[in-house]
Amino acid sequence: MTLLDTVTGCGAPATARGLLTGDRYRSELDDGRELYLDGKRIANPAEHPAFRPAVDELARLLDLQHDPDHRELLTWKDPDTGLRLARAYQPPRTLEDLRLQRRSAEFWHAEALGQQGRSPAFMASIAVGVLDFRNRLAAADPRFGANAEAWYRYCATNDLVLSHALGDPQIDRSANPVDDPDLALRVIEENDKGIVVRGAKQLTTLAPLAHEVLVYLSASFTEGRGEQFVSWFALPLNTPGLITLAREPLGSAPWGHAHPLGARYDEQDAMLFFDDVLVPWDRVFLLRDAGLARLGLGRINAWSAYVGHIRYRERLRTLLATATLVAESIGVDGFRNIQEDLGRLAGYAELTEYFLDAAEARGGITDGGLFAPGDTAASRVWSAEVAGSAVEIVRRIGASGLLIQPTADDLAHPRLRPHLDRYMRGRGIDAERKSRLFRIAWELTGDGFGQRQDLYEYVHRGDLARNRINIFKRYDQGEARERLLRLVDRPASATGTTGTTGTTGTTGTIGTEEEQS
């Protein structure tokens, strides 16, 4: 029996089926999961109007893996099985492997206009991270390392669509889960079959549309007091006792062309409720070890942070293209202040390229044997900081035009159409095309989908203040501090002069002509 055969849990097939097709993906969502929307249980998300457009878009992207024009970019041949697998699941062992993943992810996220934060391309890279961390997990318990490798193989050889669950419920952030166990997911029992968990996980993006969920983190609040809250595991989303509650959809309103992005790219965020769920031992990767959980969080997310930046670059490019087209459509693209705003957006997009190149240049081989990109913590903080500004630029250029545009039915009305053609056209663009453009701009910046995407950019990389503090604490200031302290400790008479004025060649000189300009 191979490791792959042991990771079947909850009725999942042990056979390796290779690349997903769109049709297979749709059929596999009809798996008996306990999914709720608006107080009603949803039998099959692939057939429900609130989920169907997003499922169909994912299915379209998955089918591109089989297109001869994209096959070599989006897939690779697994030497162990002989199957072609998704490129995102390929463990990178060299810099060139990593760059192949980059080009594949760039293609995927360009197709999705940078709107799929939890794309299969993103989540597969976390499975790669779990594989890379297997030796550290095995040092804690040999079973855990074997389980991590087997789970990766199962996901990769079946091209599973994954979600992950990190956040705990927002009940009382000032309280400690040790004192109120409902504040965090916890292990309530261990038996010969596995562990039993109770609690909830918040903001599990893509869970209603995924095959499996990976549960991890659970380390920051333990500090030796709450080992029952530290567990890493993966489960199919149809596991008995696992309840998925989807939020209100953001793109299903029947208003013609009003929601082309929300309909296709609303990934759905969900609450997961674990009603005394049994996690089989072969699905457990880590237990009770907060130190290992803290170390592992950064390690297994190394590739997903890199892929996430690829996705963010494409989102910025989408915002820039939208802002430029809007500016051109109303004749303001030649205004100096508009060009400055567009230049700022273009600068954001270009900086993401620098960050990706730097991650590759600083990359190296891990103790798990894979080539990992260098640390991207500072670029992730920067991304969260500028996300609101990027959206605001589009909003500022579109201004009041974003608030009122005709719907498809308005445009089809014989009484309205002449007035729309006369008064709602743009410069070199008719009323219909302009309305579609401005509705996309509105969807990116103003409606429920746009606001969700904007908030997502701010929160999904983790707590911004904590991330800044962590960067400060680990940044090496040694040499700079030493140089400064030597100057501080030097007696004033040792500097050779005091009261230097602005003569040429001194520290008081006026800036160069270039600096003045």
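Model, not experiment: these values are computed from the prediction.
- Separation of atoms CZ (R52) and CZ (R26) is listed at 10.0 Å; rounding is to 0.5 Å.
- Under 4.0 Å is where a charged nitrogen must lie from a carboxylate oxygen, and between R186 and D168 no such pair does.
- In this structure the side chain of L292 reaches within 4.5 angstrom of the side chain of R136, judged on heavy atoms.
- In terms of heavy-atom proximity, R17 sits nearest to N158 at NE-OD1, 2.7 Å.
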Does the pair L287 and V230 meet the rule for a side chain to side chain contact (heavy atoms under 4.5 Å, CB included), with working shown?
CA-CA 6 Å; L287 200 60; V230 183; over 6 Å; no

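- The shortest heavy-atom contact between A148 and R134 is CB-CB, 4.3 Å.
- At a threshold of 4.5 Å between non-hydrogen side-chain atoms, the residues E47 and V55 do not count as touching.
- The environment of R264 atom CZ is sparse: at most 12 non-hydrogen atoms of other residues, nucleotides or ligands sit within 6.0 angstrom.
- Atom CD of E190 has more than 12 neighbouring heavy atoms from other residues, nucleotides or ligands inside a 6.0 Å radius.
- R153 is listed as a side-chain neighbour of D78, based on a closest heavy-atom distance under 4.5 Å.
- Between the side chains of E385 and Y458, no donor-acceptor pair of N or O atoms lies under 3.5 Å.
- Note that OG of S383 is 4.0 Å distant from NE2 of H309, once rounded to the nearest 0.5 Å.
- Partners of F285 under the ring-ring contact (aromatic ring centres under 6.0 Å, His included) rule, at least two apart in sequence or in another chain, are W151.
- Once rounded to the nearest 0.5 Å, the distance linking CD of E57 with CG of L61 reads 4.5 Å.
- Nearest heavy atoms, E212 versus P236: OE2-CG, 3.6 Å.
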Salt bridge (charged side-chain N to carboxylate O under 4.0 Å, His left out) between D357 and R102: does it pass, once the steps are laid out?
CA-CA 10 Å; D357 292 345; R102 174 174 173 175; 3.0 Å; yes

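- To the nearest 0.5 angstrom, H211 atom NE2 is 15.0 Å from L235 atom CG.
- Side-chain contact check for P260 versus E443: some heavy-atom pair is nearer than 4.5 Å.
- Heavy atoms only, all atoms of each residue included: R33 and P208 are closest at NH1-O, 3.4 Å.
- Legend: ring-ring contact (aromatic ring centres under 6.0 Å, His included) pairs involving residues 75-128, not counting sequence neighbours, sorted by first then second residue: H70-F107.
- Residue L166 holds its CG atom at 7.5 Å from CG of N301, rounded to the nearest 0.5 Å.
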Tell me, with the steps shown, if H259 and D266 meet side chain to side chain donor-acceptor pair (under 3.5 Å).
CA-CA 10 Å; H259 299 275; D266 184 10; over 6 Å; no

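- With hydrogens and angles ignored, the 3.5 Å screen pairs a side-chain donor or acceptor of R283 with a backbone N or O of A234.
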Test ring-ring contact (aromatic ring centres under 6.0 Å, His included) on F144 and W232; report intermediate values, then the result.
CA-CA 10 Å; F144 296 161; W232 287 12; over 10 Å; no

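- T75 pairs with exactly one of R84, Q65, Q90, H66 by the side-chain hydrogen bond (donor to acceptor under 3.5 Å, both in side chains) rule, that one being R84.
- Classification of E106 and R103 as a salt-bridged pair fails, no side-chain N sitting under 4.0 Å from a carboxylate O.
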Starting from the C-alpha separation in whole Å, work towards a yes-or-no answer on side chain to side chain donor-acceptor pair (under 3.5 Å) for Y265 and Q453.
CA-CA 10 Å; Y265 303 120; Q453 299 296 84; over 6 Å; no

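- Side-chain atoms of F449 and L261, non-hydrogen and from C-beta on, do get closer than 4.5 Å to each other.
- Side-chain contact check for L64 versus R60: some heavy-atom pair is nearer than 4.5 Å.
- Distance alone, capped at 3.5 Å, places no donor-acceptor pair between the E34 side chain and the G241 backbone.
- Here the side chain of N238 pairs a donor or acceptor atom with the backbone of D31 at under 3.5 angstrom.
- Between the side chain of R24 and the backbone N or O of L19 there is at least one donor-acceptor pair closer than 3.5 Å.
- With hydrogens and angles ignored, the 3.5 Å screen pairs a side-chain donor or acceptor of E267 with a backbone N or O of R118.
- Between the CG atom of L37 and the CD1 atom of I42 there is a distance of 5.0 Å, given to the nearest 0.5 Å.
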Test salt bridge (charged side-chain N to carboxylate O under 4.0 Å, His left out) applied to D132 and R93, step by step:
CA-CA 10 Å; D132 181 67; R93 303 190 183 280; over 6 Å; no

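- Residues W281 and I195 are in side-chain contact: their nearest non-hydrogen atoms beyond the backbone lie under 4.5 Å apart.
- When ring centroids are compared, H164 and Y216 come within the 6.0 Å threshold.
- With L113 as the partner, the side-chain contact (heavy atoms from CB on, under 4.5 Å) test is satisfied by one option alone out of Q115, Q116, E111: Q115.
- Of the candidates R311, R380, R452, R311 is the only one forming a salt bridge (charged side-chain N to carboxylate O under 4.0 Å, His left out) with E457.
- For Y456, the ring-ring contact (aromatic ring centres under 6.0 Å, His included) partners are H460, not counting sequence neighbours.
- The minimum heavy-atom distance between P181 and F229, with the atom names listed, is O-CE2, 3.9 Å.
- Between the N147 side chain and the V284 main chain, a donor and an acceptor come within less than 3.5 Å of each other.
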For D269 and T204, run side chain to side chain contact (heavy atoms under 4.5 Å, CB included): C-alpha distance rounded to whole Å, both residues' side-chain angles, the deciding distance at 0.1 Å, then the answer.
CA-CA 5 Å; D269 307 296; T204 310; over 6 Å; no

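- P373 is listed as a side-chain neighbour of L98, based on a closest heavy-atom distance under 4.5 Å.
- Residues R198 and D275 are not paired through a salt bridge, judged by the lack of any N-O separation under 4.0 Å between the basic side chain and the carboxylate.
- Contact record, Y25 with L58: OH-CD1, 3.4 Å, taken as the closest heavy-atom pair.
- Not one N or O on the side chain of T244 forms a donor-acceptor pair closer than 3.5 Å with the backbone of L272.
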For a side chain to side chain contact (heavy atoms under 4.5 Å, CB included) check, start with the C-alpha distance between T366 and F133, then their side-chain angles and the critical distance, and finish with the verdict.
CA-CA 9 Å; T366 70; F133 201 58; over 6 Å; no

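- A donor-acceptor pair is defined here as one N or O able to donate and one able to accept, closer than 3.5 Å; such a pair exists between the side chain of T94 and the backbone of D97.
- In this structure a side-chain-to-backbone donor-acceptor pair under 3.5 Å is missing from W382 to Y348.
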For L370 and W303, run side chain to side chain contact (heavy atoms under 4.5 Å, CB included): C-alpha distance rounded to whole Å, both residues' side-chain angles, the deciding distance at 0.1 Å, then the answer.
CA-CA 10 Å; L370 302 187; W303 292 270; 3.9 Å; yes

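- For the pair N467 (side chain) and R461 (backbone), a donor-acceptor distance under 3.5 Å is present.
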